[in-house]
Structures are given as C-alpha cells and as structure tokens.
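In this chain, residues are counted from 1 in sequence order.
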Amino acid sequence: MKKANENQIESVEVKSPKGKYHLFRRHISLVIGGSKDTGVWGGGHPFDLELARIPPGKTNWPYHSHSAQWELYIVLKGRGIARAPEGEVEIGPGDSFIHPPGEPHQIRNTGAEDLLYYVIADNPQSDVSTYPDSGKWNIKPQRKTFEMTEVDYYKGEE
C-alpha cells in the first residue's frame, strides 16, 4: 500500500500568461505511485486524483471537452460556477458533478475565498480535447495543441 497525506503533497501552480486561468494542483495519484497520463496499460493507475484550488476571480482551464476521459468533481470549500453546455451552474461545498466524454466544461471561482475541490478522472490510453470557444484541439498523451483545418479525407493519400 502506498500512502500520502494531501497536506504534505507539493502544490503545483498553473497560470496562463495573462493570469485569467490560475489554479494550484496537488497530484495525489502521482505521489502514491501513479504515472502522468499512463493508465494500467503502462503500469499506472486506472484513474487520477488531484486536489485543486482556484483563487478568487480566476478560472481553472479554457472551456474544453475530452473525447474519452470522464471527470468527477467534489467541491470542498468556496463558491463558483461550473460551465457546461446547458449553461452556468452555481457550485459550493458538498456539491458533486460529473462530466462525461464529449461534454465541455470549465470552473470559475466567483467567491471571496479559494475554491477547493477534488477531481477524479479515468485514465484513457489517449484523449483528444476540443476547445469550443477557440476551435483548438489537444491530443494526449503527447500534450500537443493544434488549430486544425478540415481537408478532404483522401488529400495526400494518393
């Protein structure tokens, strides 16, 4: 058994260049033996667990969806808005919600204190994220982001 206390796990800051997107992440799964973006096929865990903290007035990530990954959220502290296709929903302590593959999502802290939550995500072998607001795509595990242009299926093939 591998054990860790979340209070002893380093908090990793993630911040966009202009600061709109800002959060702190404690990668619990990695500390107890998981591997980044590697599920059971590569010796990792079947899911990832992290404790995330969003400062007041900030947003976790650009609005995005995953083609294969599920994400379950459990709010511990603070107030915010979860954005999804049906609109914006207020969230607070004790709330849980899930985003299945294909459902865009984003969290914004609308309160005066940090918004603290757990996120549990399954660990698909690969995943493509799309960004409805900007039209970008991201592929994982390579972690490359692209702007794509539609082409004919057979272009360059014959």
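- His22 and Glu13 share a donor-acceptor pair across their side chains, judged by distance under 3.5 Å alone.
- Side-chain contact check for Pro104 versus Pro85: some heavy-atom pair is nearer than 4.5 Å.
- In terms of hydrophobic clustering, with Ile, Leu, Val, Met, Phe, Trp and Tyr side chains grouped at heavy-atom distances under 4.5 Å, Tyr131 and Leu23 are assigned to different clusters.
- In terms of modelled atom types and a separation under 3.5 Å, the side chain of Ser16 and the main chain of Tyr21 share a donor-acceptor contact.
- Annotation: side chain of Asn7 is in contact with side chain of Asn5 (closest heavy-atom distance under 4.5 Å).
- The local environment of CZ in Phe47 is sparse, with at most 12 non-hydrogen atoms from other residues, nucleotides or ligands closer than 6.0 Å.
- The closest side-chain heavy-atom distance from Ile91 to Ile107 is below 4.5 Å.
- Checked against Trp137 for a side-chain contact (heavy atoms from CB on, under 4.5 Å), the options Met148, Lys144, Glu147, His64 give a single hit: Met148.
- Centroid-to-centroid, the aromatic rings of His66 and His99 stay 6.0 Å apart or farther.
- The closest side-chain heavy-atom distance from Trp61 to Val14 is below 4.5 Å.
- A salt bridge between Arg83 and Glu88 is absent, with no side-chain N of the basic residue lying under 4.0 Å from a carboxylate O of the acidic one.
- Around the CD atom of Gln142, the shell of radius 6.0 Å holds more than 12 heavy atoms that belong to other residues, nucleotides or ligands.
- In this structure, the side chain of Thr38 engages the main chain of Lys36 through a donor-acceptor pair within 3.5 Å.
- For the pair Tyr118/Ile28, a side-chain contact is recorded, criterion being any heavy-atom separation below 4.5 Å from C-beta on.
- Remark: side-chain polar atoms of Asn138 are not paired, donor with acceptor, to backbone N or O of Ser129 under 3.5 angstrom.
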#### Entry: Check against side-chain contact (heavy atoms from CB on, under 4.5 Å), Glu50 and Tyr117
CA-CA 8 Å; Glu50 78 176 32; Tyr117 60 89; 5.7 Å; no
### Residues Ile54, Phe24; criterion side-chain contact (heavy atoms from CB on, under 4.5 Å); working and verdict
CA-CA 7 Å; Ile54 304 173; Phe24 296 85; over 6 Å; no
#### Entry: Step-by-step side-chain contact (heavy atoms from CB on, under 4.5 Å) determination, His27 to Ile9
CA-CA 7 Å; His27 297 285; Ile9 298 172; 5.6 Å; no
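- Between Pro124 and Gln69, some side-chain heavy-atom pair lies under the 4.5 Å cut-off.
- Pairing each heavy atom of Ile74 with each of Ser96, the nearest pair is CG1-OG, 3.9 Å.
- Val31 is not connected to Val12 by any chain of hydrophobic side-chain contacts under 4.5 Å among Ile, Leu, Val, Met, Phe, Trp and Tyr, and they are in different clusters.
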#### Entry: Audit row: Arg26, Arg53, side-chain contact (heavy atoms from CB on, under 4.5 Å) steps and yes/no
CA-CA 9 Å; Arg26 289 186 179 172; Arg53 177 173 55 89; over 6 Å; no
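- Of the possible donor and acceptor atoms, one in the side chain of Asn109 sits under 3.5 Å from a partner among the backbone N and O of Glu113.
- Not a single donor-acceptor pair under 3.5 Å links the side chain of His45 to the backbone N or O of Gly39.
- Under a cut-off of 6.0 angstrom, the local environment of CD in Glu86 is crowded, with over 12 non-hydrogen atoms contributed by other residues, nucleotides or ligands.
- Among all heavy-atom pairs drawn from Leu30 and Ser35, the shortest one is CD2-C, 3.6 Å.
- A side-chain contact (heavy atoms from CB on, under 4.5 Å) with Trp70 holds for exactly one of Asn123, Ile120, Ile98; it is Ile98.
- For the residue pair Ala84 and Tyr63, the shortest heavy atom distance occurs at C-OH, 3.3 Å.
- The backbone N or O of Gly19 sits less than 3.5 Å from a side-chain atom of Lys58, completing a donor-acceptor pair.
- Between Lys2 and Ile32, the closest heavy-atom pair is CD-O, 3.3 Å.
- Two residues are said to be in side-chain contact when any heavy atoms from C-beta on lie closer than 4.5 Å; Arg25 and Leu51 fail this criterion.
- Leu115 CG to Arg108 CZ: the interatomic distance, rounded to the nearest 0.5 Å, is 11.0 Å.
- Across all their heavy atoms, Ser67 and Pro101 have their closest contact at O-CB, 3.4 Å.
- Pairing each heavy atom of Ala68 with each of Asp127, the nearest pair is N-OD1, 2.8 Å.
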